[in-house]
Amino acid sequence: MITAPFDYETPETLDEAVRMLHENGEDAKLLAGGHSLLPLMKLRLAAPTLLVDLRLVPGLHHIQRENGSWRIGALARHADLQDTPELGVASAAAKQIADQQVRNRGTIGGSLAHGDPASDLPAVLVALEGEVSAQGRNGLRTIPAGELFQDYLTTALAHDEVITEVRLPATDGWGYGYEKFTRRAEDWAMVGVCALVKKGADGSCEDVRVGLTNMGSTPLRATAAEQALRGGSLDGDSIASAAEHAAEGTDPPGDLNATPDYKRHLARVLTRRALVAAAQA
Amino acid sequence: MGATVRICVTVNGERRESEVEARTLLVYWLREELGLTGTHVGCDTTNCGACTVHMNGESVKSCTVLAAQADGAEVTTIEGLAPEGGLHPLQDAFWEKHGLQCGFCTPGMIMAAADLLQRNPNPTDDEIRHGLEGNLCRCTGYHNIVKAVKAAAANEVPA
Ligand SMILES: Cc1cc2nc3c(=O)[nH]c(=O)nc-3n(C[C@H](O)[C@H](O)[C@H](O)COP(=O)(O)OP(=O)(O)OC[C@H]3O[C@@H](n4cnc5c(N)ncnc54)[C@H](O)[C@@H]3O)c2cc1C
Ligand code: FES
Ligand code: FES
């Protein structure tokens with residue numbers, strides 16, 4: 001399968017990349033790892049007339065801890081996250097994306113910008129309440145996780161904006177779990193759950209976050225389940241009854257693999273498992 | 001025809017320069033322009049792993065990389081894995097343990113296994129199965145492939 005023809009540019013600065021996107025309008029697309037965009041182009045579901053490849057733009061590959069947060073360059077690959085276990089749940093989730101070959105190419109910036117609710121890192125960003133920096137014509141702005149994802153494959157990014165960095169709060173003192181259910185190895189999540197638990201000195205649940213992959217047109221927070229657990233005990237029964245709320249307020253689309261009802265069931269089961277893992281740490 | 005791009009890629013240790021159409025996929029450049037047909041195309045949809053090669057030392061599915069994206073990179077294909085005149089320990093092990101039947105998946109399987117052993121020189125059976133989840137085999141049932149990778153690991157495969 002061959003894509004439709006396109007022009008190809010490799011800008012060497014961010015400003016140049018933004019200018020190329022701006023001047024060429026909606027038909028120009030950024031290229032990072034290409035592992036979402038090229039498959040779509042091969043199927044001719046996308047046919048941009050210009051690809052602006054970010055690979056020569058410097059300063060987009062870092063993963064570094066700065067005080068209370070992690071700064072991750074947009075071109076850091078899933079494999080780089082996988083190899084940085086200090087990142088906690090982001091590393092654990094990245095390790096479960098597709099297969100090693102895909103992880104060696106796909107980037108965190110591309111994964112978030114694509115806005116696919118079945119992708120694993122968006123739910124992690126939402127659960128961690130992280131943020132991205134985006135460079136556009138009018139400079140750099142910060143977009144919090146809660147505002148980035150607007151609808152299926154739709155984000156708050158303008159077409160000529162480039163994600164430069166992702167910031168995730170460090171989770172020292174939190175336990176975590178990422179549970180992903182697939183029909184076959186290497187598949188996308190039927191449902192995925194990212195759970196974080198902060199234990200109080202008495203072993204109770206001081207704070208909790210639950211992010212859901214593929215339970216709607218955007219990544220979601222299971223707020224009802226969080227509320228049910230926050231401040232209470234972390235024993236098996238409390239976790240199980242909180243997890244029963246995991247699908248509240250969700251509206252998952254059915255697909256080849258799972259009906260909406262089955263996805264809601266999976267969300268409850270996986271939330272329980274992810275919370276148990278997070279509470280054990 | 002779309003725009004063309006000049007690329008210079010080191011393939012199996014040799015500098016190769018070429019003018020390619022921007023939409024040329026790395027696998028077709030390797031197979032059709034350089035004649036390196038050891039790298040196979042099974043699915044063309046990033047699922048089967050038959051097209052796996054190494055780019056800067058790591059496994060990638062070359063049906064989902066533009067030749068233009070490989071500009072300046074080092075690419076190793078199955079033809080370049082073995083030392084001159086010999087076999088790579090993984091090739092030896094696949095032979096020894098009957099890790100193939102029709103052989104269609106084998107070049108990609110071996111390139112993926114080489115990346116796996118680089119990341120994890122002493123994998124368990126389970127880690128081998130997971131590590132090769134991006135590669136499909138329609139013949140062997142994977143059992144002997146796992147054995148082969150294990151045997152290659154035990155012989156201390158060079159990274
Ligand atoms: C077989 C297969 C299985 C997969 N399975 C999973 C899975 O289980 N879980 C999962 O999460 N993902 C999965 N993926 C997707 C993979 O993780 C992609 O790599 C990722 O979603 C996109 O990252 P990329 O760097 O490849 O982006 P690209 O494909 O290069 O770009 C994707 C989109 O984002 C835009 N973009 C890229 N970078 C930026 C930026 N810095 N700023 C603004 N816009 C940008 C592009 O213009 C494009 O629209 C799978 C992919 C394949 C091929
Ligand atoms: S041909 Fe590339 S993954 Fe199947
Ligand atoms: S040996 Fe035939 S596909 Fe693997």
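Letters A, B, ... mirror the listed sequences (proteins, then strands); counts begin at 1. These numbers come from a predicted model, not from an experiment.
Around the CZ atom of A:R65, the shell of radius 6.0 Å holds more than 12 heavy atoms that belong to other residues, nucleotides or ligands. Counting heavy-atom neighbours within 6.0 Å of A:H159 NE2, excluding the residue itself, gives a total above 12. Under a cut-off of 6.0 angstrom, the local environment of CD in B:E17 is crowded, with over 12 non-hydrogen atoms contributed by other residues, nucleotides or ligands. No more than 12 heavy atoms of other residues, nucleotides or ligands lie within 6.0 Å of CZ in B:R138, so this atom counts as exposed by the packing criterion. A:E16 CD: more than 12 foreign heavy atoms inside a 6.0 Å radius. More than 12 heavy atoms of other residues, nucleotides or ligands shown are found within 6.0 angstrom of CD on B:E33. Around NE2 of B:H130, the count of heavy atoms belonging to other residues, nucleotides or ligands within 6.0 Å does not exceed 12. In the displayed structure, A:K180 atom NZ is contacted under 6.0 Å by more than 12 heavy atoms of other residues, nucleotides or ligands.
To the nearest 0.5 Å, atom CD1 of residue A:I2 and atom OG1 of residue B:T24 are 7.5 Å apart. Rounded to the nearest 0.5 Å, atoms CD (A:Q100) and CZ (B:R119) are 4.0 Å apart. For the atom pair OG1 (A:T3) and CD (B:E21), the distance works out to 8.0 Å, reported to the nearest 0.5 Å.
For chain A, no part of B:M111 is nearby; none of its heavy atoms comes within less than 4.5 Å. Looking at A:L31, only its side chain comes within 4.5 Å of chain B, counting heavy atoms on both sides. For A:E9, no part sits under 4.5 Å from any heavy atom of chain B, backbone or side chain. Using a 4.5 Å cut-off between heavy atoms, B:V60 touches chain A through backbone and side chain atoms alike. With a 4.5 Å cut-off on non-hydrogen atoms, A:L43 does not touch chain B at all. Residue B:R129 does not touch chain A at all, counting heavy-atom pairs closer than 4.5 Å. When heavy atoms are compared at a cutoff of 4.5 Å, A:A4 approaches chain B solely by way of its backbone atoms N, CA, C and O. The contact between A:D7 and chain B is made by backbone and side chain atoms together, counting heavy-atom distances below 4.5 Å.
Closest approach of A:A98 and B:E133 over heavy atoms only: O-OE2, 3.2 Å. Heavy-atom minimum distance, B:G134 versus A:E186: CA-OE2, 3.4 Å.
If you run side-chain contact (heavy atoms from CB on, under 4.5 Å) between A:P39 and each of B:N47, B:D44, B:T46, only B:T46 comes through.
For the set A:R184, A:R103, A:R105, the count of heavy-atom pairs under 4.5 angstrom toward chain B peaks at A:R105.
Proximity to chain B at a heavy-atom threshold of 4.5 Å picks out nothing from residues 107-114 of chain A. At a heavy-atom separation below 4.5 angstrom, chain A is approached by B:C63, B:T64, B:V65, B:L66, B:A68, B:Q69, B:D71 within residues 62-71 of chain B.
Side-chain atoms of B:M55 and A:N104, non-hydrogen and from C-beta on, never get closer than 4.5 Å to each other.
Between the side chains of B:N135 and A:Q101, at least one donor-acceptor pair of N or O atoms lies under 3.5 Å.
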